[in-house]
Amino acid sequence: MTDVIETTASGPDKRDRGGPAQPMLIVENIKKYFPIRAGLLNKKVAEVKAVDDISFYVLKGETLGIVGESGCGKSTLARLLMYLIDKDEGHLILDGDPVGEKTGTSLDGLRRSLQMVFQDSYSSLNPRLPIENSIAYGPKVQGATAKSAKEQARALLEKVGLKADRFGQRYPHELSGGQKQRVNIARALALDPRLLILDEAVSALDKSVEAQVLNLLGDLKEQLNLTYIFISHDLHVVKYISDRVLVMYLGQVVEIGPVDKIYENPLHPYTQALLACRLSMDPDERVDSAPLAGDPPNPVNPPSGCRFHTRCPFAEEVCMSKAPSLGDALRADASEHLAACHMVHAGSGHSKAPNPDTRQLPLWQQGEMR
Amino acid sequence: MNEMRSPDLSLVEAQSETPEAYVKVKDLEVRFVSREATVKAVNGVSFELKKGEVLCVIGESGSGKSVMMRSLLQLHAKKRTRMTGEMRVGEHDIMKVTEKRMSELRGSTISMIFQEPMTALDPLYTIGDQIAETVMRHERVDRDAGWKRALELLELVRVPSPERRLKAYPHELSGGLRQRAMIAVALSCRPSLLLADEPTTALDASVQIQVLVLLRKLQREMGMSMIFVTHDLGVAAQIADKVAVMYAGRIIEYGNARDVLMHPEHPYTRAMLSSTIKDQDRSAPLDTIAGTPPDLRALPDGCSFAPRCKYAGPECLAAMPPEVTDGRNHMARCVRVSAVRGLLAFEPGLAAANVPA
Amino acid sequence: MTDIPAGSLPVDKSQSAPSTKVRGYWGSVWNRLRYDYTTLFCMALIAAIVLAAIFAPWLSPMDPEKSSMANRLRPIGHAKFGLGTDEQGRDMISRLLWGGRVSLLMGIVPVCFATLIGGAFGIIAGYYGGKVNMVIMRTMDVFFAFPSVLLAVAIAGSLGGGIGNQMITLTVVLIPPLCRVAETATAQVRSLDFVDAARASGASTYSIITSHVLINVLSPVLVYSSTLVSISIILASGLSFLGLGVSPPTADWGLMLSTLRQSIYVQPLVAALPGVCILITSIAFNLVSDGLRQAMDVKA
């Protein structure tokens, strides 16, 4: 096996540069607006604020879960981080080094450290290539010889639980969904990344296969000293796998914090509603009315003020006029729980906002909202 | 788990078989024949469904759940499909009915909704056109009556500002509204049996709940029977009266939703429930089912789940286990399950005799 | 339905029995083609026609350009001239064999060039999208706007007759449709996740096109270009018929059809022979491309 894969959690990681306290990735005020063009002259008539000023960081070795409804910008965010689409504004700092700027890491360096596992197992593998070749492609691009790239691909296949002799020469259509997703993971690992972005990586799988793949991800994380950004709309899965959770709504972060705090004491009404949408296994606990009415509004013209106010049961005047701030997500400690809601900010003008006296308490303890 | 359940006699009585089953499927087998192989997709499925009942068919991909349901509408290509057994919906014998009669039944008596509404709705016609067209064809009314009914239907499925939406094309609607529009098309002729093929799987959780609540309500109001195929146990818990668990083309467990979901007896159902992620301990690995589903071209003799089962012994592979049914009409097909004092009970028995290494 | 995978874990005893034999993409295409007797027959037919054209100098009983006023317009079944003679007394068998050479050349060579040029432009347009796409595709649309026959006549008219000019004409006419097909296929592949995965591994555009895009675009383009062979033959025949292609006395199916036209009331069957050849060849190519399309269709 090539030495690339041999970094284990036991010793200090050779690739580490900023030390254990330096976050793996810092995302600073990243923005992406897609223009909508129409008419004869292709004039810009509107823009979709897909990712609107998002900041967060991911610590080394942790799993950051990102949740939200479809259209909230989760996948755009993933592609921005991968440099698959160009960002309009913002910075990425990878292990202390700014990406793509004169003094920092090159794009190539980012590509080696950051890899992505795609959602759709049908379109994510080239149907005309044996899976072994799909996995070996990345190392070859980065300069490995054909022979060593192939050896590495076969080693990776074994690592994700597929016998290389049996599966290496197969084509994607000869594999089941779970097997394809394992190949996807193997391909992402081929460049020996440190941070893996998993974009709905288990969503399309059957439940029992989903559990197998999640276990595999857990094992790999430990063996290869990986950091995960886990994007999903399934709150059960995010709860199981994440250390911290970031909730997105219409291109913005509405809540971020440690997984237990978010699930036990959600501060933002949107997070509360999402959690209430989880289905119970008990037929006696049926819901008779949906916790969250309507579809997410169109990101082309997001509502003024707090973007959630159109669906929020607690919306008041202030919510329509003034956008609540999340707080400084980059300076906050990883154990802090932040929410962009007027009801948690003292003195915001919302009737349910906490009394200014309780300001000293950390935000998440400020309490009962329902 | 079993001790906590006491036999509920009133329920037993209520369940005692009444004759008028509306949907009756007996020993249904579906085979897809091609040059290379015969795929045994459905291997002897029998069930009955009363008027106004909801049956959820749960299974993973390749379990034959969709194939079974599509057989009720004769949607398989005649040329390479072999079907045997009995299927009755009301007074119609689906196996014998002519192609012409079948196309009359489709959309009127039996209707279907799909996972992806964009494939079921015609992109070139407005929502109103499509509903009105179906109504006009099946009920032989004029255009105005068809449009009036279309408006009623959009109101019924709670589409906001329905007059405007009637004139909208499918691509102009959001995912949730499209799903509602498809439900409206399916309900346009007041079907007495609604078939639903994972209609909420592609939706966000927030919209999924809305659609489930709506479907349940409409089903009650219209007194429809419904067969709902899903791989999500949570969805089944929301909507089912009866639950059938399918594996390799057979129903391996059947019963009231609560019995099957809260007190599963078949090892496959149990394993599936415990591998479903829900508040598990984050530090421990998840329970999984070893191996992969069987190859439908070469099914083993006996229990199809035996090769992956923790409790399998040589007797499991000898012959297909018989159905064991208790007083609550809870059925499981497993040699380790027996009916004790009117309730099914699972006994691991000679566990670990044949556990795959 | 047929490609449900045989299980992944060797521990499953049930799985050890028959498992899918692993074959490559072309292997699976051949496996499907093997049972498609229509396509196989048409392939054999095309092979026979091509071989006959190649070996025309040895196969033809007489000199195709040697005329004889005494033997004008002999009927089919004549003792010396099996398929009769044309209006100048030349042996039809020989002329059909030699004419096949020119006609097939006109069918295949322009299509090959057009596939290369149009395919390249189409892939570039489809991959880059945006302005590049607009410039290339709008230019193609200008050519598309004319009916292909009209365009061919116009170009051939301005270039003049002869085999070389005829090939150039046909190539130009065939580029736009091929470019369109390649562009559509490429744009579709471009939007798939595996291309993004390749980009994420740091691959250059050239590498992505050659190792990921090309292999996926190839089959729709090849299938489409095989349908164009027959169109090209017919167009070439049309040009020759109008006097804009090869010039007499060279044998060419289209030209033969044109000159025999005057004799249609005297020897209708002989006059129809070149037309029959064109018809059979083009139908064979069309059916083969149909079969190829079915066989190359990978179920994902």
Side-chain angles (χ1 to χ4, degrees), chain A residues 63 67-72 176-179 202-216 218-219 233-243 259-260 263 270 273-298 311, chain B residues 59-63 160 173-177 201-214 216-217 231-241 243 256-262 268 271-290 292-293 308:
Chain A
T63 300
V67 296
E69 291 167 293
S70 55
C72 72
S176 69
Q179 290 165 348
V202 296
S203 304
L205 302 176
D206 277 323
K207 296 291 167 191
S208 67
V209 182
E210 179 180 76
Q212 288 175 359
V213 174
L214 284 174
N215 281 348
L216 172 71
D219 293 346
H233 66 270
D234 186 331
L235 283 116
H236 289 302
V237 175
V238 168
K239 181 177 182 187
Y240 174 76
I241 200 163
S242 308
D243 300 308
V259 62
D260 296 329
Y263 277 76
Y270 177 62
L274 274 186
L275 288 170
C277 287
R278 289 178 298 171
L279 298 176
S280 162
M281 296 289 172
D282 189 342
D284 291 348
E285 291 175 17
R286 281 190 187 157
V287 283
D288 290 322
S289 62
L292 198 51
D295 292 341
N298 196 334
R311 296 165 87 189
Chain B
E60 298 185 295
S61 37
S63 63
L173 301 181
S174 68
L177 285 184
T201 306
L203 300 175
D204 273 313
S206 57
V207 184
Q208 166 169 285
I209 281 210
Q210 296 170 16
V211 172
L212 286 175
V213 168
L214 174 74
R216 176 102 201 148
K217 208 168 148 103
H231 70 273
D232 189 331
L233 297 157
V235 170
Q238 282 298 313
I239 199 151
D241 296 316
V243 168
N256 293 320
R258 201 181 151 73
D259 288 349
V260 175
L261 293 172
M262 303 307 284
Y268 173 66
M272 191 163 59
L273 268 162
S274 72
S275 68
T276 300
I277 297 127
K278 192 176 189 305
D279 301 334
Q280 271 97 338
D281 179 7
R282 293 155 37 79
S283 53
L286 298 160
D287 288 337
T288 58
I289 309 177
T292 49
R308 303 170 72 185

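Note on naming: letters A, B, ... go to the chains in the order of the sequence lines (proteins, then strands), and numbering restarts at 1 for each one.
- Using a 4.5 Å cut-off between heavy atoms, D282(A) contacts chain B through both its backbone and its side chain.
- At a threshold of 4.5 Å between non-hydrogen side-chain atoms, the residues Q212(A) and L286(B) do not count as touching.
- Looking only at heavy-atom pairs under 4.5 Å with chain B, the residue among D288(A), L292(A), N215(A) that has the most is N215(A).
- Among A237(B), A236(B), A257(B), the residue with the largest count of heavy-atom pairs under 4.5 Å with chain A is A237(B).
- A donor-acceptor distance shorter than 3.5 angstrom exists from the side chain of D206(A) to the backbone of S61(B), with no hydrogens or angles considered.
- When all heavy atoms of S70(A) and D204(B) are compared, the closest pair comes out as OG-OD2, 2.5 Å.
- Neither the backbone nor the side chain of L235(A) comes within contact range of chain B, judged by heavy atoms closer than 4.5 Å.
- The NE2 atom of H233(A) sits 9.5 Å away from atom CG of L203(B), with the distance rounded to the nearest 0.5 Å.
- A salt bridge links D243(A) with R282(B): the closest approach of a Lys/Arg side-chain nitrogen to an acidic carboxylate oxygen falls below 4.0 angstrom.
- For K217(B), the NZ atom sits in a loose shell: 12 or fewer heavy atoms of surrounding residues, nucleotides or ligands are nearer than 6.0 Å.
- A 4.5 Å side-chain heavy-atom check between R278(A) and D279(B) finds at least one atom pair inside the cut-off.
- Residues H231(B) and L205(A) come closest through the heavy atom pair NE2-O, 4.4 Å.
- Minimum heavy-atom separation, S206(B) to C277(A): CA-SG, 3.5 Å.
- Taking 4.5 Å as the limit, every side-chain heavy atom of D284(A) sits out of range of all side-chain heavy atoms of M262(B).
- Between Q238(B) and E285(A), the closest heavy-atom pair is NE2-O, 3.9 Å.
- Counting all heavy atoms, side chain and backbone alike, S275(B) lies closest to A211(A) at O-CB, 3.5 Å.
- Here the side chains of E210(A) and I277(B) are in contact, with some heavy-atom distance below 4.5 Å.
- In this structure, no portion of V211(B) lies under 4.5 Å from any heavy atom of chain A.
- Of all non-hydrogen atoms in S280(A) and K278(B), the two that sit nearest each other are CA-CE, 4.4 Å.
- The side-chain heavy atoms of P283(A) and R258(B), taken from C-beta on, include a pair separated by under 4.5 Å.
- Contacts of I239(B) with chain A are made by backbone atoms alone, with heavy-atom separations under 4.5 Å and no side-chain atom involved.
- Going from atom OG of S176(A) over to atom CD of E60(B) covers 10.5 Å, rounded to the nearest 0.5 Å.
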